[in-house]
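In what follows, a single structure is set out as structure tokens and then discussed.
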Amino acid sequence: MTGSKVLVIIIWILRGAVSNKWEIKMPQNINAISGFCVQIPCQFEIPDSFKGSLNKSVEAIWKKSDLSGLTVFSSKTEVSSLLKGSVIGNLLSKNCTTVFHNFPAGFNDTYFFRLQGPEPLVYTFQQGVDIKVHKDSSPPTLTPYVEILEVLEGTKVTLTCSTALPCPSQQPLMQWNPRLGEQLTPSLQVDEFGQTLLVSSQMFNATPLNDQLKVSCSLLYNSQVAERLVKTSTTLRVLYAPRNTIALLSPSGPVSEGNVVTLSCHSEANPAVQRYEWYKHIGAGNLMLKDQGKILTVIASVNAQGLYVCKAYNNHGTDQSMVVAVELKSFQCSIAPYIMCGLLTFLLILITAVDLVKYKSLLKRLKQVEGMREPMTYATIQKTNDSSVYNIIQARRREDISWKL
Ligand SMILES: *[C@@H]1O[C@H](CO)[C@@H](O)[C@H](O)[C@H]1NC(C)=O
Ligand SMILES: *[C@@H]1O[C@H](CO)[C@@H](O)[C@H](O)[C@H]1NC(C)=O
Ligand SMILES: *[C@@H]1O[C@H](CO)[C@@H](O)[C@H](O)[C@H]1NC(C)=O
């Protein structure tokens, strides 16, 4: 350790042990909401020689604009002060924390704290606090604070919403919209200047469903006189590797040789798919790169038929589709029905022809038979017709008649 460092440490120890300074610790700025209360966290330090005067009769004063400015508040004349409020800290333990009620809109200014007696304890602290009065409360702070929050799918995201409370006794309602995953109940934290922060976190796993989702944290301030709602939002952008990748075929069925088949690849990805690749199965689980691009055009042929897959890529990964088959209309298959039909027709004609021949020969034989029989039959009839029967009948008639007579 060098000599100078030792000296610095000794001085520092001495300073801590014997306070010789007038010091005040307050926030530099406080954002107040008009009509709502303001709490100024305040802690002071006085030289040891004045500590004897720090008793119950000490008067706390707040001055406006500059060190010798207008007294707007005195702990001795609280009721008649310009600003209504009270010192809530214990002055004897050098705590000058003050609350002003219904802070007025026109009081945008710097405020200085002054100890006014008992003598010789009279001092205005050099450092002031800037109180900015806003009509509306300041929107809460989101951490990480970005307009668009880019996260990878599956990332555990923690969003934290916080706001410095102008006045912890008027705590706003802090809410998340939408509520995602797990929320921690809003809690109060105190920063190094004694200002109270209201903090709430929610944790969730980023999914593609959260993409483009606007997440906001809102504060609802409610007092007897006013109600204010403010919010801060961030839009989630969930990045993910390609998913739901499919290959589509058009036309979808088997095609004739020489026809065009269009294969198109579709995939969801964020950012959008940057590259598509088409592969053809070449047996034994091996793939051969055919082309790049969303669309692959194939002229149907014996060589081109087969199984195809597409792959989609972006910065975050890749995804592969199921296989699609480019099929050729089989030659045998398409001709077979005609052959069958022709064969059947031929068979039918053959049978008909055979039948016809058979019929004709039958007819011929029949005619031959008839040709032999014809004259004989005719002669028989003629002979029979000749007279005998008639004669018999006639003879009988004659006989009948003669017999009757
Ligand atoms: C406070 O101290 C002053 C002088 O330092 C003394 O005159 C006064 O009586 C004390 N007051 C009380 C209440 O102790
Ligand atoms: C000062 O007083 C306020 C009000 O009572 C209290 O909240 C705060 O913690 C005190 N500060 C310190 C440093 O003790
Ligand atoms: C107070 O100051 C802030 C910031 O300088 C400003 O935005 C606001 O309008 C002022 N309010 C009044 C009432 O003057």
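Indexing begins at 1, ligand by ligand and atom by atom, following the structure's order. For this chain, numbers begin at 1 and follow the sequence in order. Computed over heavy atoms, backbone and side chain alike; hydrogens, waters and symmetry mates excluded.
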Will you find, in the side chains of Asn95 and Ser93, an N or O donor that is under 3.5 Å from an N or O acceptor? no

Would you mind telling me if ligand 1 is within reach of the side chain of Pro118, the backbone, both or neither, using heavy atoms under 4.0 Å? side chain

Any donor-acceptor N/O pair, Gln202 side chain to Leu159 backbone, under 3.5 Å: no

In the complex you have, is atom 11 (N) of ligand 1 within reach of the protein, judged by whether a heavy-atom distance drops under 4.0 Å? yes

Would you check if the side chain of Glu153 reaches a backbone N or O of Val238 as a donor-acceptor pair within less than 3.5 Å? no

Among all the protein's non-hydrogen atoms, which is closest to atom 4 (C) of ligand 1, and how far away is it? Glu119 O, 4.1 Å

Verify, without hydrogens or angle tests, whether Lys84 (side chain) and Ser81 (backbone) share a donor-acceptor contact under 3.5 angstrom. yes

If we ignore hydrogens and angles and just use 3.5 Å, is the side chain of Trp278 paired with the main-chain N or O of Gly293 as donor and acceptor? yes

Could you check which of Val99, Thr97, Asn95 puts a non-hydrogen atom nearest to atom 2 (O) of ligand 2? Asn95

Quick check: Phe125 with Phe44 (ring centres under 6.0 Å apart)? yes

Tell me whether the NZ or CZ atom of Lys64 lies within the 45° cone about the ring axis of Phe107 and under 6.0 Å from its centre. yes

So which heavy atom in the protein is nearest atom 3 (C) of ligand 1, and how far is it from that ligand atom? Asn55 ND2, 3.5 Å

Taking 4.0 angstrom as the limit and counting only heavy atoms of Ser53, give me the atoms of ligand 1 inside it, by number and element. 5 (O)

What protein heavy atom sits nearest atom 5 (O) of ligand 2, and how far off is it? Ile88 O, 3.5 Å

Just need the protein heavy atom nearest to atom 13 (C) of ligand 1, so name the residue and atom and give the distance. Ser57 OG, 4.1 Å

So if I count the atoms of ligand 2 from 1 in the order they appear, which ones are less than 4.0 Å from some heavy atom of Gln43? 11 (N), 12 (C), 13 (C)

Short list, please: which atoms of ligand 2 are under 4.0 Å from a heavy atom of Gly89? 2 (O)

